[in-house]
Amino acid sequence: MALLIILITCFMIILATSQPCQTPDDFVAATSPGHIIIGGLFAIHEKMLSSEDYPRRPQIQKCVGFEISVFLQTLAMIHSIEMINNSTLLSGVKLGYEIYDTCTEVTVAMAATLRFLSKFNCSKETVEFKCDYSSYMPRVKAVIGSGYSEITMAVSRMLNLQLMPQVGYESTAEILSDKIRFPSFLRTVPSDFHQIKAMAHLIQKCGWNWIGIITTDDDYGRLALNTFIIQAEANNVCIAFKEVLPAFLSDNTIEVKINQILEKIILEAQVNVIVVFLRQFHVFDLFNKAIEMNINKMWIASDNWSTATKITTIPNVKNIGKVVGFTFRRGNISSFHSFLQNLHLLPSDSNKLLHEYAMHLSACTYVKDTDLSQCIFNHSQRTLVYKANTAIERNFFMRNDFLRDYAEPGLIHSIQLAVFALGYAIRDLCQARDCQKPNAFQPWEQIRSKCSKECSPGQMKKTTRSQHICCYECENCPENHYSNQTDMPHCLLCNNETHWAPVRSTMCFEKEVEYLNWNDSLAILLLILSLLGIIFVLVVGIIFTRNLNTPVVKSSGGLRICYVILLCHFLNFASTSFFIGEPQDFTCKTRQTLFGVSFTLCISCILTKSLKILLAFSFDPKLQKFLKFLYKPILIIFTCTGIQVVICTLWLIFAAPTVEVNVSLPRVIIRECEEGSILAFGTMLGYIAILAFICFIFAFKGRKLPENYNEAKFITFGMLIYFIAWITFIPIYATTFGKYVPAVEIIVILISNYGILCCTFFPKCYVIICKQDINTKSAFLKMIYSYSSHSVSSIAVSHASLDSMNGNVTMTNLSSSGKSATWQKSKDLQAQAFAHTRRENTTSVSKTLPRKRISSI
């Protein structure tokens, strides 16, 4: 009797297993009601069970080969939907789901897609034919999946009919980016183009140029192979062999093909690197056989299997060699781990997958965690007797860590992103609609809806605190950055040396080369001032030439000294033109040396004039003796100027000024003269300052000499203007930046040049033109007489003081003799001036004698 019961039970189980699905509801793997239904497609089983080589009847068969990793992906979708339902994202609106097992078969996936497209709330579950599906209300609002690109392409072509959104979490085929062929397909992973490009770059960097490649015989494999060949050629990598495996395990030739490929690898002994674009179950079988045949290579893994835990469970997998893989971006899946810990609380009555997992788990109760996945897979190849719920619950508690270890973070995160992307799209649509009603919106409307608004060119995406990359804020590109496409993850940097970009720019602009141009308003003003100065110099020269023998001109040192000084002023004004215009090597070297030498010559001539004035009207014998020794005009001028010539020559030889392009400013390129050596530049200016200071001291000493013909106080003022200008110049020059740096030096040169020119020559020109009555020999001698009288009185007082102190009328010492001589000199000047004054007065009265010019003063 017991034997009969067992046989009947086994027969019923085998019968149930071999029967295809009887109703559409039998086809659903997991379901949950809601106001809005999201469809899911997952390859939970590896293949359909079939006793024949090819289908003979249009039936959906039972599926075998339970995959733990894909089972976890379905749980990730369920968990993400529950997270949305338990949050405030869709307030008052509940998301439901219908998940189907594609059994890694395109036909099964398309059968599930037909049900997705069937009319909502229709008992017949039919897909209506329409010319316009804009108002059509299908069973689900969107679809997540499938994992494999081959299946995704087939499903997408059907969903395109109603523009139903399909979000891929693992399908990476590059062709799916074509919005003309797949307008309603979206994905949360990058296309294979980026992965393949990285692979080829890695191979090239590692110096591998003789490799093999293995792919699957489907759209995904063929596209990956073609793209890789292009990238390999671009990186000078040669492909020794290209092998293709059947895409599905249901193909009976797959084992034979794996053996052929491994024999090929053994024959190609020089090939040590093999690129593998296969699915997990392909790699599992391939590696098992390769280990048996002692094949040890470097394997480049695609994202399909690079992080597959199943591969790590292969016995002696380390003997296969080394594996370098590419994977998806990972996120925080800690909440999913918590969900797995409470998996036993999830209702299993509407989740056949959970029920099946529990059955397989109870059959593998005493198997280690490392072998549990393979045990479940093996047992799923045949029918298992379902155990009591209490035993299943106990096994869930015992094996929670096993599921957590098998979860692939990249894929789990990708599924979470897919669900939340749909959640945010639905939120946007439901803001002005009652989404508790099933006809609130059509599926195609979600394609226009996003979690965040599209970032326009000139902006970049800035991810918010949410872990979902679909949700972001748009941030303007900063200065010198740009973006020329929508939704760019980051702004591109302009070449700071040649280009710039404003805030929120869509392109880089070429930097404008700037310098103090001839057309610049400030440059024009400075040139006008320089030309005006040159005119003043010429006018002064003409005035002095026409009044060559007058006392004023002669008291200025004669025409030669005046011409030299005027020539220096002319050169100083002319040197400013070398600071304007596009800097050239010649102008950079000329402008500073021309100014330095000419200004030094000018100061040297003024220095000799100061010494001459002080010598002519000094009555201190010690000072007079020193001044007579020091006063060598030509020697002073040549020596002082020669030192500056040496300084400038050494500067030009060892560190000459050069043209430099300054690119540190954000929007312009400054073409400027680099002085070459700050030390040499400072030495040149410092030397001029020393000469000017000496000149200032001598002029200051003679500031109280005869009024009308005394240059000393004007020279003092001129030197003061020079010092003020150049002391101000130093901090301004050090802090000014840009094309107006030369203008600062031009202004200082003009100020100092005008100051000395005006103080040296303008008072004399005024006397020559407006005060002709005092520009005579008699007036000059009268002035000397007046000054000498004052000086004699001062000396007499000094003598009287000495007489009273020493009690002697006659002073016999050398000092007294000197003073007496000085006194006598003063008396002689007085007598000469008095006699000439009387003579001039007599002539003036009689008006018979013409006025004569004096030839010497």
Side-chain angles (χ1 to χ4, degrees), residues 43 46-47 67 70 102-107 109 145-157 168-178 181-182 185 187 189-200 203 211-233 237 239-262 264-265 271 273-287 289-290 297 299-308 311 323-328 411:
E46 282 195 343
K47 62 180 181 180
E67 280 290 343
V70 185
T102 66
C103 298
T104 324
E105 288 284 347
V106 174
T107 51
S146 167
Y148 299 120
S149 297
E150 173 86 3
I151 298 174
T152 300
M153 291 178 204
V155 170
S156 182
R157 292 187 185 278
Y169 59 89
E170 193 180 9
S171 301
T172 56
E174 187 181 353
I175 194 174
L176 288 168
S177 298
D178 187 347
R181 283 183 278 187
F182 305 100
F185 177 77
R187 55 183 163 195
V189 290
S191 74
D192 279 332
F193 174 79
H194 305 287
Q195 177 186 201
I196 293 170
K197 188 175 181 180
M199 282 182 175
I203 292 168
I211 64 167
I213 182 169
I214 306 173
T215 65
T216 51
D217 187 17
D218 56 7
D219 288 339
Y220 166 75
R222 285 187 292 271
L223 290 169
L225 177 60
N226 293 336
T227 306
F228 185 83
I229 290 172
I230 295 171
Q231 291 296 327
E233 289 177 355
V237 176
I239 300 175
F241 59 83
K242 300 181 283 285
E243 296 295 333
V244 179
L245 277 176
F248 304 105
L249 284 182
S250 55
D251 192 319
N252 295 330
T253 64
I254 192 166
E255 188 173 346
V256 175
K257 191 62 179 175
I258 286 175
N259 289 329
Q260 291 175 354
I261 290 174
L262 293 175
K264 180 75 172 180
I265 292 173
V271 176
V273 178
I274 301 171
V275 178
V276 180
F277 286 99
L278 298 176
R279 300 175 183 176
Q280 290 186 22
F281 51 77
H282 288 113
V283 177
F284 187 83
D285 292 345
L286 179 71
F287 277 11
K289 286 287 185 181
K297 299 290 181 180
W299 308 86
I300 308 297
S302 66
D303 48 36
N304 265 351
W305 63 276
S306 59
T307 58
I311 306 301
V323 177
V324 177
F326 293 81
T327 185
F328 300 122
L411 283 174

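These numbers come from the heavy atoms of this one structure, side chains and all, not from hydrogens, waters or symmetry mates. The model shown is predicted, which means the values in this text are computed figures rather than measured ones.
- Between Gln280 and Val283, the closest side-chain pair of non-hydrogen atoms is not below 4.5 Å.
- Side-chain N or O atoms of Thr215 include none that pairs as donor or acceptor with a backbone N or O of Val244 at under 3.5 Å.
- Closest heavy-atom contact between Ala43 and Thr102: CA-OG1, 3.3 Å.
- Atoms CD and CG, on Gln260 and Leu262 in that order, are 10.5 Å from each other to the nearest 0.5 Å.
- Legend: residues meeting salt bridge (Lys or Arg N to Asp or Glu O under 4.0 Å) with Glu67, ordered by chain and number and at least two apart, are Lys310.
- With hydrogens and angles ignored, the 3.5 Å screen pairs a side-chain donor or acceptor of Thr104 with a backbone N or O of Glu46.
- For NZ of Lys197, the number of neighbouring non-hydrogen atoms (other residues, nucleotides, ligands) closer than 6.0 Å is 12 at most.
- Every residue meeting the side-chain contact (heavy atoms from CB on, under 4.5 Å) condition with Thr327, not counting sequence neighbours, appears here in chain and number order: Ser306, Thr307.
- When all heavy atoms are compared, the tightest approach of Thr152 to Gly145 is OG1-C, 4.3 Å.
- Using a 4.5 Å heavy-atom threshold, the side chains of Phe284 and Ile311 count as touching.
- Closest of all the heavy-atom pairs between Gln195 and Asp303 is OE1-N, 2.7 Å.
- For the side chain to side chain contact (heavy atoms under 4.5 Å, CB included) with Leu278, the lone residue among Leu286, Asn304, Asp285 that qualifies is Leu286.
- Side-chain contact of Thr216 with Asp218: a donor-acceptor pair under 3.5 Å is present, judged by distance alone.
- A donor-acceptor pair is defined here as one N or O able to donate and one able to accept, closer than 3.5 Å; such a pair exists between the side chain of Ser149 and the backbone of Ala173.
- Looking only at side-chain heavy atoms (C-beta outward), Val271 and Ile265 stay at 4.5 Å or farther from each other.
- One distance of note links CD1 of Ile211 with NZ of Lys242; it measures 10.0 Å at 0.5 Å rounding.
- Checking side-chain atoms of Ser171 against main-chain N and O of Gly147 turns up a donor-acceptor pair under 3.5 Å.
- Heavy atoms only, all atoms of each residue included: Arg279 and Ala247 are closest at NH1-O, 3.2 Å.
- Side-chain N/O atoms of Ser177 and Arg187 include a donor and acceptor closer than 3.5 Å.
- Counting only residues at least two apart or on different chains, the salt bridge (Lys or Arg N to Asp or Glu O under 4.0 Å) pairs with a member in residues 221-231 are Asp217-Arg222, Asp219-Arg222.
- Using a 4.5 Å heavy-atom cutoff, the side chains of Ile254 and His282 are in contact.
- Phe228 has its side chain out of reach of Asp192: every pair of non-hydrogen atoms, C-beta onward, lies at least 4.5 Å apart.
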Item checked: side chain to side chain contact (heavy atoms under 4.5 Å, CB included) between Ile203 and Val275, intermediate numbers included -> CA-CA 10 Å; Ile203 292 168; Val275 178; 3.8 Å; yes
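- Residues Leu411 and Tyr169 come closest through the heavy atom pair CD2-O, 4.0 Å.
- Atom-to-atom distance recorded for Thr172:OG1 and Phe193:CZ is 13.5 Å, nearest 0.5 angstrom.
- To the nearest 0.5 Å, the span separating CD1 on Ile239 from CD1 on Ile274 amounts to 12.5 Å.
- Of the residues listed (Phe287, Phe277, Phe281), the one engaging Trp305 in a ring pair (Phe, Tyr, Trp, His ring centres under 6.0 Å) is Phe287, and it is the only one.
- The line from CG of Leu225 to CD1 of Ile214 is 11.5 Å long, rounded to the nearest 0.5 Å.
- Here the straight-line distance linking atom OG1 of Thr227 with atom CE of Met199 works out to 11.5 Å at 0.5 Å rounding.
- Heavy-atom minimum distance, Tyr220 versus Met153: N-CE, 4.5 Å.
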